[in-house]
Protein chains: 2
Amino acid sequence: MQHHYQKLKAKLKQKILKNVYKPGDVIPSEHDLMERYSLARSTVRQALDELWKEGLITKTRGKKSIVAENKKKALWLFSVKGFSAVVGEEGEVKTVFLKKPYKVRWDKSFFYPLTVKEIDTGAICVERLRSVGEFPVMLEYTYIPETSISISSEKDFVHNSLFETLRVKYGIDIEKAEQELVATGSTKEVAAVFNITQGTPVLHVYRKYHTNKPGLFIYSSFYCYTGKFSIGNLFE
Amino acid sequence: MQHHYQKLKAKLKQKILKNVYKPGDVIPSEHDLMERYSLARSTVRQALDELWKEGLITKTRGKKSIVAENKKKALWLFSVKGFSAVVGEEGEVKTVFLKKPYKVRWDKSFFYPLTVKEIDTGAICVERLRSVGEFPVMLEYTYIPETSISISSEKDFVHNSLFETLRVKYGIDIEKAEQELVATGSTKEVAAVFNITQGTPVLHVYRKYHTNKPGLFIYSSFYCYTGKFSIGNLFE
DNA sequence: GAGTGGTCTAGACCACCTG
DNA sequence: AGGTGGTCTAGACCACTCG
């Protein structure tokens, strides 16, 4: 959280999530934000653009931007900030760590090609289940190269958040990500977690996170049950 | 294709797709592109950022950007420019119009809320099937408000492309889009098109395109069979 | 140390919206 | 007509890469 646009983005996001700016409200114009925070317009715009991509505001030429109505029953998870922003009404998003984080050796046929250095060091796997209200919706396996990282208990997490922990304790920031999507029938294990019948279609996502540390990538494989909530995103 | 960054993006994209810049090649630095095309750096960067989001180049601090290796068996369709960019080796992407475009009245329970004006006018539906090589991968239904648009035959299409047609003939540019994803079992009709057994999981996408014409939105509902090719995208 | 991409500033013009 | 967001310019500093 070092760049100006990230700080501004975080401030506005907080105000939106804490209902200082309510759904349907206008937010200050780019010009106002420039003056209020002593920033150049392009910096303000970068912050607002990211808020738009996360589905928090809508922008229209000639009008002020407004806080999005969060009525959708969609999960907005195609942003590297992950899962937090989203989902109105139906209930809050909760994250549960299924096991203690554990060490693994990279599988020979990992879903993304690995560098030699990555293969030499092992990885730490974190298993998490996300729920909206009572409904489990996302089962995630995250793989972090063991280089200079030591997480051995869920108590090591800051604010119960993996990425927050990486940022605060290790200075690791997520900058970008690439992913691949596949629709697949749920396995017995996945079905059990989501409380659905085996074979029910689920979304399987493979993800590779790019960090601010050159050569350091974080990988993730997760399943989404879209029967209760769809997956939403915005793009250009 | 009016803005400078869009023109530059299109030029670079052409060079990449026509293999003037081959996978693994470096492309000219931002500074070079500034001078060559007499543009400001931020304009060059906007073009390159969009190419990155479409998966055509990779960027690294301190190094020149390079043309991405298109080895992935993934469809890169989360960009409003649609389908064209993608998929190496395995074969070319083809688009087939399944029927003549036909008029429909909006369904009462359309997948996105409609304005009164939209409901009053009807819509034109275009059914298309996309294939990679021999494999059909995407069955799409696109709905265009009938306002000031008259497409009645597939021969009305420019370059066999719907969006190209809207741009050239009607001055309609797609700027942004929002979408929702659901994993679902294929219906009999969908299964028949993809030549799979009924119930095989497919990805169902609902999409709303925002255009440069205020109040004009284009809607799309499509199915992706991800058994042969996954769906890929990049984000921040 | 020179080159590169990431961030940032301080202006500008335009098309669009509203009163 | 004045305000708004979308595009654009012409600079600047930084962290990083590489020879």
Side-chain angles (χ1 to χ4, degrees), chain A residues 1-10 12 25-53 56-68 80 115 171-176 210-216 234 236, chain B residues 1-10 12 25-53 56-68 80 115 171-176 210-216 234 236:
Chain A
M1 202 64 58
Q2 32 200 345
H3 302 297
H4 292 172
Y5 77 91
Q6 290 176 327
K7 289 186 222 163
L8 174 56
K9 178 186 168 188
L12 294 173
D25 284 1
V26 299
I27 63 173
S29 71
E30 297 179 353
H31 186 76
D32 288 346
L33 292 172
M34 282 173 61
E35 296 198 330
R36 195 172 306 183
Y37 296 99
S38 300
L39 293 172
R41 178 134 173 257
S42 67
T43 306
V44 171
R45 282 184 60 74
Q46 193 168 357
L48 294 183
D49 279 350
E50 297 208 354
L51 289 177
W52 176 80
K53 280 180 207 155
L56 290 172
I57 64 173
T58 66
K59 312 173 82 182
T60 313
R61 262 198 307 275
K63 294 175 164 181
K64 291 195 180 186
S65 296
I66 62 181
V67 178
V80 297
T115 64
I172 296 171
D173 264 313
I174 307 296
E175 295 186 334
K176 302 168 176 174
H210 299 234
T211 71
N212 60 337
K213 307 287 183 189
L216 174 62
L234 301 169
E236 302 171 302
Chain B
M1 203 63 56
Q2 32 199 346
H3 301 298
H4 291 171
Y5 78 90
Q6 289 175 328
K7 287 186 223 164
L8 174 57
K9 177 185 167 188
L12 294 173
D25 284 1
V26 299
I27 63 173
S29 71
E30 297 179 353
H31 186 75
D32 288 346
L33 292 171
M34 281 172 62
E35 296 198 329
R36 195 173 305 183
Y37 296 99
S38 298
L39 294 172
R41 176 129 176 261
S42 68
T43 306
V44 172
R45 281 184 59 75
Q46 192 168 357
L48 295 184
D49 280 350
E50 297 207 354
L51 289 177
W52 177 80
K53 281 181 207 155
L56 290 171
I57 64 174
T58 66
K59 312 174 81 182
T60 313
R61 263 199 306 274
K63 293 176 166 181
K64 291 194 180 185
S65 296
I66 63 179
V67 178
V80 297
T115 64
I172 297 172
D173 263 313
I174 308 295
E175 295 185 334
K176 302 168 178 176
H210 299 233
T211 71
N212 60 337
K213 307 287 184 189
L216 174 62
L234 300 169
E236 301 170 301

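Values in this document were obtained by computation on a predicted structure and should not be read as measured data. Here is the naming used below: chain letters follow the sequence lines, and residue numbers restart at 1 for every chain.
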Test item: B/T60 side-chain N/O and B/K63 main-chain N/O as donor-acceptor pair under 3.5 Å: no
Distance below 4.0 Å between B/K63 side-chain N/O and D/dA15 OP1 or OP2: no
Of the listed nucleotides D/dC8, C/dG5, D/dG6, the one nearest the side chain of B/K176: D/dG6
Sugar-phosphate, base or nothing in reach of B/L39, heavy atoms under 4.0 Å: sugar-phosphate
CA sep, side-chain torsions, deciding dist, call: B/V26, B/V67, side chain to side chain contact (heavy atoms under 4.5 Å, CB included): CA-CA 6 Å; B/V26 299; B/V67 178; over 6 Å; no
Atom-to-atom span, CD1 of A/I174 to C1' of C/dG6 - whole angstrom: 17 Å
Distance in angstrom units between A/D32 CG and D/dG5 C1', rounded: 13 Å
A/R45/A/E50 ion pair, N-O < 4.0 Å: no
Spacing of A/H4 atom NE2 relative to D/dC13 atom C1', expressed in whole Å: 12 Å
Integer-rounded Å distance: C/dA15 P and B/D173 CG: 15 Å
Value in whole Å for how far the C1' atom of D/dC8 lies from OH of B/Y37: 18 Å
Closest contact, heavy atoms only, A/N212 versus A/G171: ND2-O, 3.1 Å
Nearest-Å distance for atom pair NE2/P, residues B/H210 and D/dG5: 17 Å
Value in whole Å for how far the P atom of D/dT9 lies from CD of B/E35: 14 Å
Phosphate contact (D/dT9 OP1 or OP2) by B/T43 side-chain N/O below 4.0 Å: yes
Whole angstrom value for the distance that separates P of D/dG6 from NZ of B/K7: 20 Å
B/R45 side-chain N/O to C/dG6 phosphate OP1/OP2 under 4.0 Å: yes
Phosphate OP1/OP2 of D/dT7: any B/Y5 side-chain N/O under 4.0 Å: yes
Phosphate OP1/OP2 of D/dG2: any A/H31 side-chain N/O under 4.0 Å: no
Side-chain N or O of B/S29 closer than 4.0 Å to phosphate OP1/OP2 of C/dG3: no
Selected nucleotide, minimal atom distance to A/K64 side chain, candidates D/dG5, D/dC8, C/dC17: D/dG5
Below 4.0 Å: OP1/OP2 of C/dG6 and any side-chain N or O of B/K59: yes
pair A/Q6-A/Q2: side-chain heavy atoms closer than 4.5 Å: yes
A/R41 (side chain) and D/dG5 (base): donor-acceptor pair under 3.5 Å: yes
Touch class at under 4.0 angstrom, heavy-atom based, for A/T58 against every strand present: nothing
Derivation of the side chain to side chain contact (heavy atoms under 4.5 Å, CB included) call for A/T43 and A/L8: CA-CA 9 Å; A/T43 306; A/L8 174 56; 5.9 Å; no
Nearest-nucleotide 5' precedence on DNA chain C, A/G62 against B/E30: B/E30
First encountered from the 5' end of DNA chain C, between A/Q46 and A/R61: A/Q46
